[in-house]
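Input: a single structure, listed below in structure tokens.
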2 protein chains.
Amino acid sequence: MTDTKTRILDTALNLFNRAGERNVTTNHIAEGLGISPGNLYYHYRNKAAIVAALFERYQEQIRDLLTVPEGPLTWQDKMRYFEGILESMWQARFLHRDLAHFLHQDAELRRRYKVFVQDSLERGLVIYRSLRDSGLIEASDEELRGLLVNTWVLAASWPGFTHGLNPDATGDEALDRTLLRQGIYQIICLEAPYLRGEALDHLDAMKQEFRTGDTTMDLLFAAAEAPPARRA
Amino acid sequence: MTDTKTRILDTALNLFNRAGERNVTTNHIAEGLGISPGNLYYHYRNKAAIVAALFERYQEQIRDLLTVPEGPLTWQDKMRYFEGILESMWQARFLHRDLAHFLHQDAELRRRYKVFVQDSLERGLVIYRSLRDSGLIEASDEELRGLLVNTWVLAASWPGFTHGLNPDATGDEALDRTLLRQGIYQIICLEAPYLRGEALDHLDAMKQEFRTGDTTMDLLFAAAEAPPARRA
DNA sequence: TGACTCCTAGAGTAATTACTCTAAAAATCG
DNA sequence: CGATTTTTAGAGTAATTACTCTAGGAGTCA
């Protein structure tokens, strides 16, 4: 069995995602994996240390995913990476949800987070430029920067946004995946105007693949307005 | 003097924005405007009631701002409305920051929020369509929907995002305004690819007006990478 | 002035919760 | 096996904090 230290992290992550860090006590975590509170505090100095450890784990994942091998990128490559990143962000969604509070409490975390964002954006810019070199997108450096920031904020905020709209189905794995896919669709929308060549050819298919109309869009755009003309 | 009830709201809003709702006790609020805790509880049943009242006030503001008069819109008109909306979202930034928690706790709030988002997106769609009719933007209904959702999420998340990157200067009014303006810039970036006609003519000027390069972009993109070529 | 309602004060309480402490079991090692 | 270190248990504590309760001031209207 994996060691207690990482089992604590896994359990905490689950509970945090489900109920929000604020609503999960250290006793809950201990109870959640069948150990005593004292035991938990033997492994982690305090609750903040657990959060910090989860944060570290998350950062490493993202950093790895944003490390792209040499050579020209295909559009499929890029989408594959992208799904991984969104997936990681999704798995640690409680972090972004309660980020403001963590950063408010912990100056060291603040410093590290700032570096993390800067580093991620730089790596993202490298990727986008590589895509531009491959003729898959067309945009100025300035446009790329704007796009990148928007992509980042959207990706980081999407889990919290959708969870707010549909918090009833807590732990519904299928719905979760649907909402995650819709998030990818939204980011495709973000990039769509800049796509060229092969990427443009796949755009419609991509949109088709990730749009989850009936679940999410109908959640957002209620039936009140005129339907998309076709469905009638 | 304004009545105690709204003074409580104003004080609470300030403190919540500054420190996060979680870190502001009812005693803090009372102390903040020089009344007793008991007095506060005479006016509001509990802390959640204060949040709910602020939420209500915020929703009304946004709803009003998204109610656009008849007739064709100019691009300037639209930007004017937009600034107002962003401003309102900024003033109630603690709400979006801690939204997940509030929605988690209160089923009624959840219902109202969902309706609010749907209503806002519908109103936004009306505005975008009107801009399309005026020849200021060109996009399919589907593209408009995607754009709209992204705009909403970005606008709602921007305050929390920037605050996370620079939480040291709490209450620095000048910096706050700068970050708000950068948020508008980001949304311009979002819309830019769809602009046509008169809107396109003003695009560069708009970007110029709202970009706050030295403060924010340098906050995001550290000096590590090659500078934008021009500045050297 | 007197009665009545609205508003205010502030000490006090009950419950939550992060965290501590002691001691014992389990594992590791010579 | 004996000694030492690592891991576990779980009862207990101190502090925070949302909220209550009683009692008194301040307008208002007859």
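A note on names: the letters A, B, ... follow the listed sequences, proteins ahead of strands, and every chain is numbered from 1.
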Restricting to nitrogen or oxygen on both sides, can you table the protein-nucleotides 14-18 of chain C pairs closer than 3.5 Å?
from   : atom 1 : to      : atom 2 : distance (Å)
C:dA18 : OP2    : A:Thr26 : N      : 2.9
C:dA18 : OP2    : A:Thr26 : OG1    : 3.3

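By the 4.0 Å N-to-carboxylate-O rule, B:Arg110 lies too far from B:Asp106 to be salt-bridged with it. Of the charged side-chain nitrogens involved, at least one lies within less than 4.0 Å of a carboxylate oxygen, so that B:Glu108 and B:Arg111 count as a salt-bridged pair. Using a 4.0 Å cut-off between charged nitrogen and carboxylate oxygen, A:Arg177 and A:Glu87 count as a salt-bridge pair. A salt bridge is defined here as a Lys NZ or Arg NE, NH1 or NH2 lying under 4.0 Å from an Asp or Glu carboxylate O, and A:Arg57 with A:Asp10 meets this definition.
Cation-pi check for B:Lys78 over B:Phe82 is met; the charged atom lies under 6.0 angstrom from the ring centroid and within 45 degrees of its normal.
When the P atom of D:dT6 is taken as reference, atom CG of A:Leu40 falls 19 Å away, rounded to whole Å. In this structure, B:Lys5 atom NZ and C:dC6 atom P are separated by 13 Å, rounded to whole Å. One interatomic measurement links the two molecules: OH of B:Tyr44 to P of C:dT8, which rounds to 12 Å at whole-angstrom precision. Between the P atom of D:dT8 and the CD atom of A:Glu31 lies a distance of 18 Å, rounded to the nearest Å. As rounded to whole Å, 13 Å separates atom C1' of D:dC19 from atom CD1 of B:Ile29.
Of the side-chain N and O atoms in B:His43, none sit less than 4.0 angstrom from OP1 or OP2 of C:dC6. Distances shown here put a side-chain N or O of B:Thr4 below 4.0 Å from the OP1 or OP2 atom of C:dT8. Note on B:Asn39: a side-chain N or O is less than 4.0 Å away from OP1 or OP2 of C:dA9. Regarding contacts with the backbone of C:dT8, every side-chain N or O of B:Tyr42 stays at 4.0 angstrom or more from both OP1 and OP2. Between A:Ser36 and D:dA9 there is a side-chain N or O to OP1 or OP2 distance below 4.0 Å.
Below 30°, between 30° and 60°, or above 60°: for A:Phe116 and A:Trp152 the angle between ring planes is above 60°, a perpendicular geometry.
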